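Below, each value reflects all heavy atoms present in this structure, side chains not excepted, and no hydrogens, waters or symmetry copies. Just so it is clear, the model here is predicted, and its values are computed rather than measured.
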Amino acid sequence: MSGLWRAGLIAIAFGVGSYYATGESGLFGRINLVAGTLALAAAAIVAAQRMTRGLGTPVARGLLLRRGLQLAGLVLLAVALERGATRLGFVADWTLDQRYVLSPASQSVLAALPDDLTATLYFDPEDPRVRGSRLLLRAFAADGKMTVHERVLDEAADEADALGVASSNTVVVESGGRAEVVGRPAEGTIWEALERLRRRERRAVVYFSRGAGEGDLLRGDALGYSGLAAALQTQGYRLRDLVLAATQEIPADAAALLVLAPERPLRSDSVERIREYLGRGGGLVAFLDPGRDGGLLDLLEDYGFESPDAAVVDPASGPVEGDAPGVNPLAFAYTDHPITKPLDANRMTFFLRTRPVRAAAKPRPEDRLESIVFSSNRAWLSRDLAAIDRGLAPRDRGGQPDSRFPLVATGLYPRGEDAEARIVVFGDSGLASNAYLRALYNLDLVMNSVGWVAEREDARLTRRPNALTNIQSPITPQETLTMFYGVGLLLPELFLIAGVLAWARRQRG
């Protein structure tokens, strides 16, 4: 039975490890915990039966006493190590995305706030989420700038009601007589609350083009872009509408112009306004879609970009929201660029039917163009957009070889001593919509793009919370990754259990 209890311990260790790695008690973790507990219970029953048969001899009693003392010693040692680590403030962050290690942006906002900064955690003692929130607040308080308090909800009901605390595991940050409530504590949500407290005086102005069926920043449903507007305002930007057809010039205070996939092509004079603005050193973030380029292609080609009217089909990505497999690529390949610095193979971005965008030919030798986000190397291009729109699998591959396609490209254009234009082009506008902005790391990619174009790279955040959406089916990209991280532990676990059982069998032989 020694092999059985060792296998049970291994299963429990992998179940607990999966929980701490992903932050969720997924199916893999729950199965391991149940199986491990049953294995330990079975081993304990068998051991108890053996002991009751042989407890009459002095040798058996001595062996039982020694084993009991050894077990008690191990428990005392584990408790002492845990208490010592707590007293010394030692924390080992073994989570997959290092969620308890603060990003430079969080450290920066902490340094900018007054010394009266406090954070109060309101909780129910039975709420299992509280432990993670405590660890996160400990990371924020590590440099002594933030003071952390805790309140049990039942004991501070009046105080919680006055602050607008609606549920357990809520954090309230306060400074300078102002308070912000964080209902889902994570580094990104706490950072956003601290940014709102800081209320920067220097606020860059971002203009959104209107009048040609562009994405709507006031629309709050899944197809709208109100989430993007809120994120930009939180980060200190002022947002203003701009009807290009009714303006003679893009205002001089524009740090960036965002064009969100117009349904109708922009008028030629509107495109000329954008060209003049870039000539003065302006910044443009353009979102295209398969079948819709907004009349921007000629302008973008003059600045060195290519974007054929086709959809990237990537078999490495599964079906999402009833679409055919592969038409909604998961991107995990990035170049080393300020926009993509926080992203890597474990921090993916998600595109909803995207066209390729390639940084092709530099207009001038001093210009710098770069494709920064890529599909997998198994992708191909489909021009069967009608079938894709109907949720059907495109059938026009026609022997195309596998290839890696760029999905986002950037350009930097020095124009005189004081003028430097910057452009970011996305092949998809859906990733910035309310439905998908907070899926995986899309928010990082979009916000970093605006910050780079507006030359506000100090506002970059290296990690944000991933708020899952409930309209992606059959499963969200984040759920797919969580399943992968859990089941990815299965093979080493099985090898380890097999080795332990073989060792135990050899010991008995």
With sequence neighbours left out, what residues match S226 under side-chain hydrogen bond (donor to acceptor under 3.5 Å, both in side chains)? N434

For the backbone of G411 and the side chain of R422, can you confirm whether one donor and one acceptor N or O come within less than 3.5 Å of each other? no

Tell me whether R358 at atom CZ has more than 12 heavy atoms from other residues, nucleotides or ligands lying less than 6.0 Å away. no

Are the side chain of D367 and the backbone of R364 linked by a donor-acceptor contact shorter than 3.5 Å? yes

Distance check, rounded to the nearest 0.5 Å: S403 atom OG versus D314 atom CG? 10.5 Å

Any side-chain heavy atom of V425 within less than 4.5 Å of one from V408? no

What do the steps show when you test L284 against V424 for side-chain contact (heavy atoms from CB on, under 4.5 Å), and what is the final call? CA-CA 6 Å; L284 171 66; V424 178; over 6 Å; no

Distance in Å, R151 CZ paired with E159 CD, rounded so as to fall on 0.5 Å steps: 5.0 Å

Could you report the tightest heavy-atom contact between A261 and D289, atom names first, then the distance? CB-OD2, 3.4 Å

F374: which residues meet the side chain to side chain contact (heavy atoms under 4.5 Å, CB included) condition with it, sequence neighbours left out? A333, T335, S371, R404, P406

Can any side-chain N or O of T354 pair as donor or acceptor with the backbone N or O of G427 at less than 3.5 Å? yes

side-chain contact (heavy atoms from CB on, under 4.5 Å) for V173 and T118? Distances and angles first, verdict last. CA-CA 6 Å; V173 291; T118 64; over 6 Å; no

Identify, with sequence neighbours excluded, every residue that meets side chain to side chain contact (heavy atoms under 4.5 Å, CB included) alongside D298. E301

Using the side-chain hydrogen bond (donor to acceptor under 3.5 Å, both in side chains) criterion, which residues pair with D116? Sequence neighbours excluded. S175

Do L194 and L117 come close enough that some side-chain heavy atom pair is under 4.5 Å? yes

Would L288 and F426 count as a side-chain contact (heavy atoms from CB on, under 4.5 Å) here? Give the steps. CA-CA 6 Å; L288 312 179; F426 287 80; over 6 Å; no

From CD (E306) to CG (L300), nearest 0.5 Å: 11.5 Å

Give a yes or no on whether Q248 atom CD has more than 12 heavy-atom contacts from other residues, nucleotides or ligands under 6.0 Å away. no

Using a 3.5 Å distance criterion without hydrogens, assess whether the side chain of Y334 forms a donor-acceptor pair with backbone atoms of A331. yes

When every non-hydrogen atom of G291 is compared with those of D309, the smallest separation belongs to N-OD1, 2.7 Å

Name all residues meeting the ring-ring contact (aromatic ring centres under 6.0 Å, His included) criterion together with Y122; count only those two or more places apart in sequence or in a different chain, and write none if there are none. none

Without swapping roles, check the side chain of E187 against the backbone of S103 for a donor-acceptor pair under 3.5 Å. yes

Quick one, L385 and P290 - any side-chain contact, counting heavy atoms below 4.5 Å? yes

Contacts of type ring-ring contact (aromatic ring centres under 6.0 Å, His included), residue F208, not counting sequence neighbours: none

Minimum heavy-atom distance between R383 and P308, given as atom pair plus value: NH2-CB, 3.9 Å

Using modelled atom types only, decide if a donor and an acceptor are shared between the side chain of T340 and the backbone of D336 within a distance under 3.5 Å. no

Are any side-chain N or O atoms of Q400 and backbone N or O atoms of R397, one a donor and one an acceptor, separated by less than 3.5 Å? yes

Among residues at least two apart in sequence or on other chains, which ones pass ring-ring contact (aromatic ring centres under 6.0 Å, His included) with Y225? none

Sequence neighbours excluded, the answer for ring-ring contact (aromatic ring centres under 6.0 Å, His included) partners of Y303 is Y413

List for me each residue that meets side-chain hydrogen bond (donor to acceptor under 3.5 Å, both in side chains) alongside S317, sequence neighbours excluded, and say none if there are none. none

Keeping the roles fixed (side chain from E455, backbone from W452), state whether a donor-acceptor pair exists under 3.5 Å. no

Is L440 close to L330 at the side-chain level, that is, under 4.5 Å between some pair of heavy atoms? yes

Close side-chain approach of V205 to Y237, heavy-atom, < 4.5 Å: no

Once side chain to side chain contact (heavy atoms under 4.5 Å, CB included) is applied, do any residues pair with L392, and if so which ones, sequence neighbours excluded? A387, R390

When you measure from the side chain of D402 to the backbone of A379, do you find a donor-acceptor pair of N or O atoms at a distance under 3.5 Å? no

Is there a donor-acceptor contact under 3.5 Å linking the side chains of D124 and S168? no

Applying the side-chain contact (heavy atoms from CB on, under 4.5 Å) test to L407, which of V357, V312, L445 qualifies? V312

Please test E150 against R134 for salt bridge (Lys or Arg N to Asp or Glu O under 4.0 Å), starting from the C-alpha separation and ending with a verdict. CA-CA 9 Å; E150 294 188 5; R134 283 186 177 130; 2.8 Å; yes

With no hydrogens and no angle check, just 3.5 Å: does a side-chain donor-acceptor pair link E195 and T234? no

Closest heavy-atom contact between N328 and R353? OD1-N, 3.2 Å

Step-by-step side-chain contact (heavy atoms from CB on, under 4.5 Å) determination, L258 to E214: CA-CA 10 Å; L258 270 63; E214 296 92 336; over 6 Å; no

Within the 4.5 Å heavy-atom criterion, are S106 and F140 side-chain neighbours or not? yes

Qualifying residues under side chain to side chain contact (heavy atoms under 4.5 Å, CB included), relative to P315, sequence neighbours excluded: R378, W380

Would you say the side-chain atoms of T189 pair up with the backbone N or O of R184, donor to acceptor, closer than 3.5 Å? yes

Going by atom types alone, do D253 and Y207 pair a side-chain donor with an acceptor below 3.5 Å? yes

Roughly how far, to the nearest 0.5 Å, is CZ of R275 from OG of S268? 10.5 Å

Is any side-chain heavy atom of L431 less than 4.5 Å from a side-chain heavy atom of L437? no

side-chain contact (heavy atoms from CB on, under 4.5 Å) partner of L121, the single match among V182, N169, V148: N169

Using side-chain hydrogen bond (donor to acceptor under 3.5 Å, both in side chains) as the criterion, list what pairs up with R219, not counting sequence neighbours. D221

Please name the pair of heavy atoms, one in P251 and one in R280, separated by the smallest distance, quoted to 0.1 Å. O-NH2, 4.1 Å

Do L381 and F405 come close enough that some side-chain heavy atom pair is under 4.5 Å? yes

Heavy-atom closest pair (N448 atom, P342 atom, distance to 0.1 Å) is ND2-CG, 3.4 Å

Let me confirm one number: the CZ-OG distance from F287 to S449, rounded to the nearest 0.5 Å. 7.0 Å

